[in-house]
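See below for the structure under consideration.
In what follows, every heavy atom counts, from backbone to side chain, and hydrogens, waters and symmetry copies are set aside. All values reported here derive from a predicted model rather than from experimental measurement. Throughout, protein chains are lettered first and strands after them, A, B, ... in sequence-line order, and every chain is numbered starting at 1.
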Amino acid sequence: DLSLKLETALKKVRGQGRLTEKNISDSLREIRRILLDADVNYKVAKEFIERVTEKALGKEVIASISPGQLITKIIFDELVVLLGSDRSELKINASGITTLMAVGLQGSGKTTFCGKLAKRLKENKRKILLVAADVYRPAAIEQLKQLAEKIGISVFSIEQPDARKTVKEALKFAAQQNFDTLIFDTAGRLHVDGEMMKEIADIKEIVSPNEILFVVDAMTGQDAVNSAKTFNETVDFDGIVLTKLDGDARGGAALSIRSVVGKPIKFVSNGEKLDSLEVFHPDRLASRILG
Amino acid sequence: FTGKIKIDDETLEKLEEILISADIGYELVEKIVENVRVKLKSEKDRSNISIINTIKDELTQIFVTEKSNEEKIDKKPYVILIVGVNGVGKTTTIGKLAYNFKRSGAKVIVGAADTFRAAASEQLNIWAERASADLIHKQSGADPSSVAFDTIKKAIDEKYDVAMIDTAGRLHSKTNLMSELDKIKRAINKVLPGAPHDTYLILDATVGQNALIQAKEFIKVTDITGLVITKLDGTAKGGSVFQICNAQKIPIKYIGVGERIDDLQKFDSTSFVEAIFG
Ligand SMILES: Nc1nc2c(ncn2[C@@H]2O[C@H](COP(=O)(O)OP(=O)(O)OP(=O)(O)O)[C@@H](O)[C@H]2O)c(=O)[nH]1
Ligand SMILES: Nc1nc2c(ncn2[C@@H]2O[C@H](COP(=O)(O)OP(=O)(O)OP(=O)(O)O)[C@@H](O)[C@H]2O)c(=O)[nH]1
Ligand SMILES: [Mg+2]
Ligand SMILES: [Mg+2]
């Protein structure tokens, strides 16, 4: 428990009346260690500590609450605000076709997420088409088809390994067949792979998706800001999906990404099954990050 | 006279940022910086170049030199078990390894013991074809231990040189999945005592501090004889392996540097450490 950890560092604060730069410096060091252990980005952790210090300084230490509890509350509240003050819904069109797209690094959980999203939206009585736009990974299309079969949803794919052609044809097909929701699975790609980033920019241009979701593994470390920044610059994604939260990774990458791109975390994936998808709760992730 | 070394604090902070940004981890970075301070106390050269070189030495020394693989690789068949959490690159790495072994003249068979995930065996099948290796697979939902068992049995009977077992991605925090892994390992050992001769834990270069826990937990269930770091063609440095190697003394065997079949390299500690500052 964080407040207990900070208690030792803050022993000297009791009876001092107010929190000062001097009497909280030890606990700030401890908080920085906790954030870095939780995979929060170096620079983001630094900025976070500065914000917390600003909020904490001058605060009166009243008798009924320990200094450790006071600082913990400030940290926790600040973390919750940063993680999800602008919680938002998926952009679903009232009429016409809604198009959603999953993008991200290799292995982050995009294909599985597309299946989960399809299952969730199907429960809202939508006519869904999954589009297999990963034309590279061995058996990627087969993987999407097998997931889709479990939930009775169609998958669109073409013979040629051409992602741009796939999405163009998918749009035509969807219009002909009266689908109202298209979910595009794309290939995992590195943010430093120029050709692949051009592909995703082109696909965005062709499809003009209502919603682009950046799918990121919760165990990602310091590199999270690099990929998030580049993907955001390339496709200006609408939201983030944090996956594999059923593990024990602290998930600090979420704070790093939020601080750097300012986009909302929309979903959390916490299991391999197709029903393991939850709406994001900032307070839960905040306590998880703080360990 | 050896006063408290006056290393440029701004330099040390910049270096601390580089090391932490490489996922090396707060505690280990603090320890390295402290060791560097102590070392440079008695050094005439306290330039920034000297500091960086001292840090590079500290890091490089964490890696164990590969013990000779000679006697393992002469086992017939030489069995490798591939394990790790979800999506790190296990199946792809097996494809690459199969290709390398085939090119060195070995007769290779792979076992699709991921009987859980959608299209897992289809994916491995494509890699096996690309590598000209043979494949054993069963229907979805089959017992992974039986796939492993059948693969090794065939490898023995038909005199394969190398047999590799692909397993499902599993989070180390899931006890049932970790005991399934234990079962797979024991099934392999049952059909061929002494096997698996190598068990590689596959780690994603983008993983943060969770890597240390992953290694600890997988080691509890099966002897991990080597690490493979994948996706080093990205910008992640894979620095979380330093803590693992420091604590567990496990060699890093290979690194994955792309999605093609020939994108696997033997681990080189010097270039790995250089890349952190690159
Ligand atoms: N435990 C757990 N595993 C997950 C979760 N989401 C996805 N996975 C697993 O992670 C692995 C990778 O998932 P995929 O959906 O194939 O990832 P991807 O992003 O499509 O991968 P690429 O297409 O290769 O980039 C699979 O083993 C999934 O079952 C999750 O929330 N929890
Ligand atoms: N850029 C890059 N991508 C890689 C590398 N190794 C694997 N990948 C990609 O990572 C993704 C996941 O690879 P898989 O081999 O399916 O990973 P896995 O560990 O078998 O996944 P699960 O079985 O679902 O747990 C695929 O898109 C691979 O092409 C690598 O070294 N570099
Ligand atoms: Mg995929
Ligand atoms: Mg696999």
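Between B:Gln123 and A:Arg137, the closest side-chain pair of non-hydrogen atoms falls below 4.5 Å. Side-chain contact check for B:Leu171 versus A:Met219: some heavy-atom pair is nearer than 4.5 Å.
Both the backbone and the side chain of A:Asp37 come within contact range of chain B, with heavy atoms under 4.5 Å apart. Residue B:Val88: no heavy atom, backbone or side chain, is found under 4.5 Å from chain A. A:Glu272 touches chain B through its side chain: at least one heavy atom from C-beta onward sits under 4.5 Å away, while N, CA, C and O do not. If you measure heavy-atom distances from A:Lys46 to chain B, the contacts under 4.5 Å come from the side chain alone. Of the two parts of A:Asp193, neither the backbone nor the side chain holds a non-hydrogen atom closer than 4.5 Å to a non-hydrogen atom of chain B. Contacts between A:Lys145 and chain B at a heavy-atom distance below 4.5 Å are absent for every atom of the residue. Using a 4.5 Å cut-off between heavy atoms, B:Asp233 touches chain A through backbone and side chain atoms alike. With a 4.5 angstrom heavy-atom cutoff, A:Arg32 touches chain B only via side-chain atoms. Residue contact with chain A, scored on non-hydrogen atoms closer than 4.5 Å, involves the side chain of B:Lys174 exclusively.
Here CD of A:Glu142 is found 9.0 Å from CD1 of B:Ile126. Values are rounded to the nearest 0.5 Å. Atom-to-atom distance recorded for B:Arg260:CZ and A:Tyr136:OH is 14.0 Å, nearest 0.5 angstrom. One finds the CG atom of A:Asp217 at 6.5 Å from the OG1 atom of B:Thr206 (value rounded to the nearest 0.5 Å). Atom-to-atom distance recorded for B:Asn86:CG and A:Ser108:OG is 12.0 Å, nearest 0.5 angstrom.
Side-chain atoms of A:Asp39 come within 3.5 Å of backbone N or O of B:Gln209 as a donor-acceptor pair.
Not counting sequence neighbours, the partners of A:Lys198 by the salt bridge (charged side-chain N to carboxylate O under 4.0 Å, His left out) test are A:Asp202.
Here A:Thr220 is the residue among A:Thr111, A:Leu105, A:Thr112, A:Thr220 with the most heavy-atom pairs under 4.5 Å with chain B.
Residues of residues 19-31 of chain B lying under 4.5 angstrom from chain A, judged on non-hydrogen atoms, are B:Ile20, B:Ser21, B:Asp23, B:Tyr26 in numerical order. Annotation: residues 114-122 of chain B contacts chain A through B:Phe116, B:Arg117, B:Ala118, B:Ala119, B:Glu122 [non-hydrogen atoms, separation under 4.5 Å]. Using a 4.5 Å cut-off between non-hydrogen atoms, no part of residues 133-140 of chain B approaches chain A.
Counting non-hydrogen atoms of neighbouring residues, nucleotides and ligands closer than 6.0 angstrom, the NZ atom of B:Lys56 exceeds 12 such neighbours.
A:Asp248 and B:Ser173 are not linked by any side-chain donor-acceptor pair at a separation below 3.5 angstrom, with hydrogens and angles left out of the test. Between the side chains of A:Gln106 and B:Glu259, at least one donor N or O sits under 3.5 Å from an acceptor N or O.
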